[in-house]
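Please read the structure below before turning to the comments.
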There are 2 protein chains.
Amino acid sequence: MKDKRVTINEIAAHAGVSRSTVSLILRGSGRISEPTRQRVQAAISELGYTYNRSAANLRTQSSQAIGLIINDLTNPFFTELTAAIEQTAERRGYFVYLVQSGEDPDHQHKLSLSMVEHGVAGLIICPATGSHPETFERLRTLGIPVCIAVRPWPDDRFDFAGPDNFRAAHMAVDALIEHGHRRIAFLGGERGNPSRDDRLAGYFGALQKHDIGFDETLVIESRPSRTSGIKDVAKVLALADPPSAALCYNDFVAISVMHGLRQHGLQPGQDFALIGFDGMPEAETSFPPLSTVFLDARRVGANAAHMLIGRIDEPDRPVSRSVIVPDLVLRQSHKAS
Amino acid sequence: MKDKRVTINEIAAHAGVSRSTVSLILRGSGRISEPTRQRVQAAISELGYTYNRSAANLRTQSSQAIGLIINDLTNPFFTELTAAIEQTAERRGYFVYLVQSGEDPDHQHKLSLSMVEHGVAGLIICPATGSHPETFERLRTLGIPVCIAVRPWPDDRFDFAGPDNFRAAHMAVDALIEHGHRRIAFLGGERGNPSRDDRLAGYFGALQKHDIGFDETLVIESRPSRTSGIKDVAKVLALADPPSAALCYNDFVAISVMHGLRQHGLQPGQDFALIGFDGMPEAETSFPPLSTVFLDARRVGANAAHMLIGRIDEPDRPVSRSVIVPDLVLRQSHKAS
DNA sequence: TCGTGTTGATAGAACGATCTACTAACTAGC
DNA sequence: GCTAGTTAGTAGATCGTTCTATCAACACGA
């Protein structure tokens with residue numbers, strides 16, 4: 001039925017010109033006369049020709065594909081990031097190969113190599129916690145453009161696009177302190193995750209600035225999920241001197257902390273102040289509406305895509321970093337006496 | 001710095017064998033002796049060779065890429081769908097090209113053609129509302145495997161994977177009626193969207209079954225969003241004889257309806273019964289927890305991917321349809337007198 | 001009339017792999 | 001010693017494009 005796909009050769013034969021001529025026309029060269037151009041166009045639509053971009057790419061050593069490696073698409077922050085990357089890539093003539101590493105460094109390593117085999121023009125990577133240095137080393141020696149996104153990676157020879165986690169956490173804790181809180185918990189996130197380390201540092205910084213002593217029982221570590229906050233908040237509520245407010249590692253944690261608070265008879269945003277992190281869409285429609293640090297995943301994504309494509313176009317440009325200063329979005333959940 | 005990428009030819013020269021031999025070894029043929037195999041392997045790691053899969057694909061007329069066209073990644077239903085498709089594709093040795101049509105039929109058309117040019121092995125499409133028949137016609141004449149997902153398309157020569165919207169809505173309305181409701185609204189969604197049409201049909205079916213007359217003022221049309229439900233519910237609440245319950249087009253609508261109810265001094269799940277549609281993760285953590293029809297986007301996605309890959313492997317297999325029967329997940333929001 | 005451009009089109013080698021067909025060197029059977 | 005079969009490896013065409021070099025035809029100026 002489908003036989004073979006019709007190629008440039010059939011078009012050439014059918015239109016009575018050479019293969020080269022057809023190729024030139026396809027690429028919109030002006031060096032071909034109008035009559036022949038029309039003859040070829042006629043042949044194209046008559047035979048139902050479709051361009052084989054991979055063949056062209058093989059010849060020209062180019063590619064319109066960029067690879068995107070994220071941990072988990074299901075996290076709304078990464079969803080927004082991905083959506084933005086796809087959109088700006090598409091607008092600039094690129095397609096994106098999407099893969100999820102599942103926070104597994106080995107898998108991430110294999111995926112990155114596999115993408116290179118598939119001939120991507122460049123790669124955007126959100127490094128998995130515990131990423132192997134060899135992964136990036138290999139990409140560097142291969143000379144393929146890479147943009148690190150969201151989570152910093154200790155190698156300043158790569159472009160980077162991400163939020164300023166330190167400052168974001170600092171702002172949030174500042175706001176809590178201004179509302180009169182002195183005992184402020186930091187809930188959720190796992191040690192070794194660079195984003196969390198930065199957020200924690202911002203949290204400490206703000207406490208220090210206001211001469212509030214550091215109490216390590218107020219920092220709860222846990223793998224963040226849609227339910228993890230329930231246990232996290234229970235732990236600090238059980239303390240002899242419980243906190244009156246908390247900064248959460250992300251909005252998932254914050255929303256589940258709200259449920260946890262209610263289980264203890266406390267109304268979030270009334271009996272306990274809460275600020276989340278990320279600014280994912282559902283923070284706005286939670287009850288009560290969640291105050292949070294808006295990291296603007298879409299902007300991060302757009303920047304990452306632009307930076308990568310910029311480097312693809314111009315491989316030797318100087319390394320650049322785009323660090324976005326987040327916005328503190330105060331809604332209801334941070335209000336409490 | 002990066003010169004040229006090292007090819008199979010360099011490896012052959014360096015190991016003192018022919019190009020064909022290297023190729024055989026790369027593909028794990030047993031027809032090559034162990035000593036030469038090792039010599040070649042040594043050359044490979046010494047020169048830092050990376051396989052060029054596109055070149056191989058050109059020769060073998062094959063591809064490990066599948067294209068996925070969805071409307072909007074940002075909708076959690078599609079997020080879950082995409083995540084599942086990516087995962088099962090990856091497990092079966094495929095990568096996915098992700099693009100968003102933005103519910104624009106023209107764009108969808110261009111994208112599908114572009115993916116073909118890029119040489120995808122097959123395509124999973126969630127048809128945009130108002131899709132052009134030519135889009136699918138073209139794909140069919142090109143003979144490229146296509147699986148329609150989520151939203152049905154009136155051409156039974158394509159494989160299909162999606163939820164049973166009719167039955168889902170029917171179940172939900174049944175439950176509402178069992179809880180004693182007689183005036184039940186249907187909120188949100190736009191005319192012309194086949195998913196909505198099926199849901200609406202299920203809604204009517206259930207009413208009819210219980211001899212409840214149809215009141216068109218209880219059906220509110222609107223483009224669904226994270227806030228659209230606020231206005232939708234206001235409209236039916238303003239009626240002389242307002243409803244006591246509602247089935248919502250999706251969970252977005254349902255969650256915003258909750259906010260709308262509160263604005264009118266009503267407690268969702270207490271003064272008004274509410275059932276959503278989709279079963280997106282945040283339905284579980286909403287307040288009160290949202291009762292909803294769980295469409296299992298992950299299963300739909302996994303099925304779609306399996307079906308497509310099955311057809312890629314075996315293009316002439318009979319057309320198949322996988323229709324998933326949703327689960328009614330009753331939490332809190334449907335409870336009301 | 002001759003050299004010099006310009007225009008429109010082409011032939012044939014690439015790109016990096018695979019595939020088909022073939023061969024040289026052994027082994028085995030009788 | 002001869003034929004047949006197996007094993008290990010290779011040469012060269014090929015996939016569908018683009019690129020480099022070249023060419024024929026014609027116009028132009030001196």
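Scope of the values below: all heavy atoms of this structure, side chains included, with no hydrogens, waters or symmetry mates. Residue numbering restarts at 1 for every chain, and letters A, B, ... go by the order of the sequence lines.
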Quiz prompt | Summary of protein contacts for nucleotides 7-14 of chain C, nucleotide by nucleotide, where a base hit scores B, a sugar-phosphate-only hit scores S (4.0 Å, heavy atoms) | solution = -BBBBBBB
Quiz item: What is the distance, rounded to the nearest whole Å, between atom CD1 of B/I11 and atom P of C/dG16?
Solution: 12 Å
Quiz item: What is the distance, rounded to the nearest whole Å, between atom CG of B/N57 and atom C1' of C/dG16?
Solution: 12 Å
Practice problem: Report which part of the nucleic acid A/T50 touches: base, sugar-phosphate, or nothing (heavy-atom distance under 4.0 Å, all strands). | Solution: sugar-phosphate
Quiz prompt | Between D/dC15 (P) and A/L58 (CG): distance, integer Å | solution = 14 Å
Self-check item: Atom pair distance, as rounded to whole Å: CD1 in B/I8 and P in D/dT10
Solution: 12 Å
Quiz prompt | Ring centres under 6.0 angstrom apart (B/F136, B/W153) | solution = yes
Practice problem: Keeping the roles fixed (side chain from A/S101, backbone from A/A128), state whether a donor-acceptor pair exists under 3.5 Å. | Solution: no
Quiz item: Below 4.5 Å, heavy atoms only, C-beta onward: do A/Q108 and A/E103 meet side chain to side chain?
Solution: no
Quiz item: For A/E10 and D/dT17, what is the distance between atoms CD and C1' respectively, to the nearest whole Å?
Solution: 13 Å
Practice problem: Quick one: label A/N9 by what it contacts on the DNA or RNA (base, sugar-phosphate, nothing), any heavy atom closer than 4.0 Å. | Solution: base
Quiz item: Which whole-number value in Å describes the distance from B/I25 CD1 to D/dG9 C1'?
Solution: 10 Å
Practice problem: Evaluate the ring planes of A/Y97 and B/Y97, with Trp represented by its six-membered ring, and classify them as parallel (under 30°), tilted (30 to 60°) or perpendicular (over 60°). | Solution: parallel
Practice problem: Would you indicate, yes or no, if C/dG16 has its OP1 or OP2 atom less than 4.0 angstrom from a side-chain nitrogen or oxygen of A/Q61? | Solution: yes
Quiz item: Is there side-chain contact between A/H132 and A/E137, with at least one heavy-atom pair below 4.5 Å?
Solution: no
Practice problem: Please report, rounded to the nearest Å, how far the C1' atom of D/dT18 is from the CD atom of B/E117. | Solution: 16 Å
Exercise. State whether the number of non-hydrogen atoms from other residues, nucleotides or ligands found under 6.0 Å of B/R317 atom CZ is greater than 12.
Key: yes
